[in-house]
Amino acid sequence: MSHLSDTFQRIRGEHSAALIGYLTAGDPDAETSYRIIDAACCAGLDVLELGIPFSDPTADGPVIQRASKRAIENGMTLTKGLEIVQRLRQKHSLPVIIFSYYNPILSMGTDVFIQKALAAGADGVLAVDLPSENADEITAFVPNGSAFHFIRLVAPTTDVQRRKIILSKADGFVYVVSRHGVTGSGSIDWSALAKDLKAMRQETATPLAVGFGVSTANDVQNVAEIADGVIIGSAFQKLVEENPQSAAENVAALIRDFRQHLKR
Amino acid sequence: MSLPDSNGFFGEFGGIYVGETLMSPLNEVKTAAEQAFQDESFWNGYRSLLKDYVGRPSPTYFAKRLSEFAGANIYLKREDLNHTGAHKVNNTVGQALLAKRMGKNVLIAETGAGQHGVATATVAALFGLQCKVFMGKEDIRRQQPNVVRMKLLGAEVVSVDSGTGTLKDAMNEALRYWSSVTADTFYVVGTVAGPHPYPWLVREFQKIIGEEARRQMLEQTGKLPDGVVAAVGGGSNAMGIFYAFLNDETVELIGVEAAGKGIATGKHAASLNGGRLGVLHGTKSMLLQNEHGQIHEAYSISAGLDYPGIGPEHAYLHKTKRARYETITDNEAVAAFQTLCKYEGIIPALESSHALAQTLKDAAKPVFKENRLNYLVCLSGRGDKDIQHICDYLNI
């Protein structure tokens, strides 16, 4: 069993959903960002998705686009992002997923990336624009016996046949995209989502986590009732944008609030 | 083996690198294109519009005075004479026919200089489809006449001010928008880049340039040209004219990238000569990027060449050395622009001026002097859109 799988199993045993938080590394700058991430972990994130900014984030809405831009302008890189993971590891044991686009990884060299990520203590990667079919461009470099997950996504546009193939290869958890479009707030069709999740349960035992447009306590409650994990990104990043200096406390407070809504 | 392979790869280049939301919509476009291409009535519709609406075949013209000046025989493939003034319309006619066949009623497109936006707005009007064109805020400022054209043609021009407000940001935004409305919307990609099936789809709609030119050269000279020269930004006019000659081993294919203010200055758009392997806008190809994998802005006096990537098939032709890729600076391109105006009475697009400049440069090499060569140059568009730019540049 891997650290990530253990985490989901433990939380499932508590009749709860996991709270998965996305935060952009280096927004607004490396040090402030570390304090925000540290505070988020202390406040009870179950899994951290550490966002490595990319100059052309085609799957992201305006909030994460702007966060990425600020972070890059202030010098954040994949190398520095992995240093943040290493630093977090001195204090926190929660699973950490590196969340980025493929190009920064390819640019570093996929083999080098895997070595560095494992050494830093990361538990997996989600490369938004590397589809399930091309997963071996990364997984081929993961040494045998090490638990380093390649997180796959399923979207509302994914047809049933394709979904079956993706789910048959699911690893760690499945990132279920709640709706069309990009990250950030937007309305979710809850009954359609519940139906999809129910169908996916028949096709995989891997935990299912829902993201895109999940931003309020009510959304969290809705997701917790139908999925194994709730993924929040833009809602946190918005607090960083609005007031970077008090973002650590504000993000922590929102996490504590969301934690009240994870039970099913 | 014919390329791309079934996964959209040209060797190591190409493929599909997009978020999961776009995977099925891309597959839908691919399947529809495969079916349409088997259907003779689809091609009949395409050819008939290119003939009666676009004005094809475009002439291949022997530029006599320019040839005397250059010391080589220069033949110009006159894509500038097409309706809308450039090769772009060959592709938008094809994609709009495909969109209609798929039952989509909205076309979206990205545009930099506005040529592809105008060509998309044109076919949207022709077919009675809605049209939304994404254009960088900075480009909207620089390319006002094309913005007005698109609006007159009934298109909505969406200003993109994320990133640096240029072509790559417009494409980012078009991809984002498409992922929210795939059910009724067709994305008309303007060049041989983007995720599979687009590099293949666009090439199939542009290859008519080379097919005509190859036939015209045989008719006019009794043989194949020694060299075929085209400017390369994303690379659609170049793939269009190269493709028919790929198996003609005696024909040298020469792609011309924009060197802007010079490769050494970093202000250029030469992805093959100054870039590295990477993934952007859904495809794996050569890219202008920094050591951390962040994409650089491209620069060229020619807005149509101002793109930090290049179509994957060009990356493949470069790697396999089937084509030679050279670079031409702003200054060299402007000089060639003036030369063509003076010697032939043709005002070329700044993009095409890069191809002309390279041809003049090659022709001047001593080794070619004894053996007069025949060059076929893709005059991909006319220069009306560049007049203001040239005035500013030359202080006229």
Side-chain angles (χ1 to χ4, degrees), chain A residues 52-62 65-66 68-69 71-73 75-81 100-109 113 127-134 137 152-163 166 174-177 179-184 186 212, chain B residues 6-9 12 15-28 31 160-164 167-183 185 194-196 275-285 287-297 308-309:
Chain A
I52 305 299
F54 178 50
S55 53
D56 296 80
T58 49
D60 283 300
Q65 284 173 44
R66 290 193 297 265
S68 304
K69 195 170 182 219
I72 292 169
E73 281 167 1
M76 185 46 56
T77 62
L78 178 52
T79 304
K80 288 183 183 165
S100 191
Y101 289 77
Y102 186 29
N103 201 53
I105 295 170
L106 188 61
S107 172
M108 175 180 273
F113 164 71
V128 187
D129 55 349
L130 189 65
S132 181
E133 287 86 339
N134 303 24
E137 293 191 31
R152 288 170 162 82
L153 297 96
V154 167
T157 49
T158 308
D159 60 62
V160 175
Q161 205 182 354
R162 182 178 161 76
R163 186 174 79 193
I166 294 172
V174 179
Y175 192 126
V176 180
V177 177
R179 54 164 177 71
H180 293 78
V182 293
T183 58
F212 276 45
Chain B
S6 59
N7 295 317
F9 281 93
E12 69 186 290
I16 306 182
Y17 296 87
V18 296
E20 177 58 28
T21 304
L22 290 179
M23 290 301 288
S24 293
L26 285 167
N27 194 42
E28 196 193 335
T31 307
V160 177
D161 63 357
S162 59
T164 45
L167 176 58
K168 89 177 168 80
D169 306 294
M171 191 151 184
N172 288 341
E173 206 54 39
L175 286 165
R176 287 182 193 118
Y177 179 79
W178 195 35
S179 69
S180 65
V181 293
T182 53
T185 301
H196 184 59
R276 279 194 298 129
L277 184 71
V279 166
L280 177 69
H281 295 150
T283 191
K284 191 186 269 180
S285 188
L287 291 180
L288 302 181
Q289 56 182 314
N290 72 11
E291 59 180 309
H292 304 295
Q294 309 296 352
I295 308 306
H296 275 315
E297 270 315 297

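Sequence lines set the chain letters: A, B, ... in the order given, protein chains first and strands last, and positions in each chain run from 1.
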Checklist line | Option that, when pairs with chain A are counted at under 4.5 Å, heavy atom only, ranks first among B:Q294, B:M23, B:R176, B:H292 | finding: B:R176
Check: Relative to chain A, which of B:E173, B:E28, B:K168 shows the most heavy atom pairs under 4.5 Å?
Finding: B:K168
Checklist line | Distance, nearest 0.5 Å, that separates CG of B:L280 from CG of A:L106 | finding: 12.0 Å
Part of [X] within contact of chain B (heavy atom distance under 4.5 Å):
| X | value |
| --- | --- |
| A:P57 | both |
| A:I166 | side chain |
| A:N134 | side chain |
| A:Q161 | neither |
| A:V182 | both |
| A:I72 | side chain |
| A:F54 | both |

Margin query: Is B:N7 close to chain A through its backbone or its side chain, or both, or neither, when contacts mean heavy atoms under 4.5 Å?
Written below: neither
Check: At a heavy-atom separation under 4.5 Å, does B:T182 approach chain A through its side chain, its backbone, both, or neither?
Finding: side chain
Side-chain contact test, heavy atoms from C-beta onward, threshold under 4.5 Å: evaluate it for [X] versus [Y] and give yes or no.
| X | Y | result |
| --- | --- | --- |
| B:N172 | B:H281 | yes |
| B:L175 | B:L22 | yes |
| B:L277 | B:E12 | yes |

Under 3.5 Å, side chain of [X] to main-chain N/O of [Y], donor-acceptor pair present?
| X | Y | result |
| --- | --- | --- |
| B:K284 | B:G15 | no |
| B:Q289 | B:R276 | yes |
| A:Y101 | A:A59 | yes |
| A:R163 | A:P156 | no |

Check: Do the ring planes of B:Y17 and A:Y102 sit parallel (below 30°), tilted (30 to 60°) or perpendicular (above 60°)?
Finding: parallel
Margin query: Please identify, among A:N103, A:D60, A:T157, the residue contributing the most non-hydrogen atom pairs under 4.5 Å to chain B.
Written below: A:N103
Margin query: So which residue, A:P53, A:A127, A:A155, A:S55, ends up with the most heavy-atom pairs under 4.5 Å with chain B?
Written below: A:S55
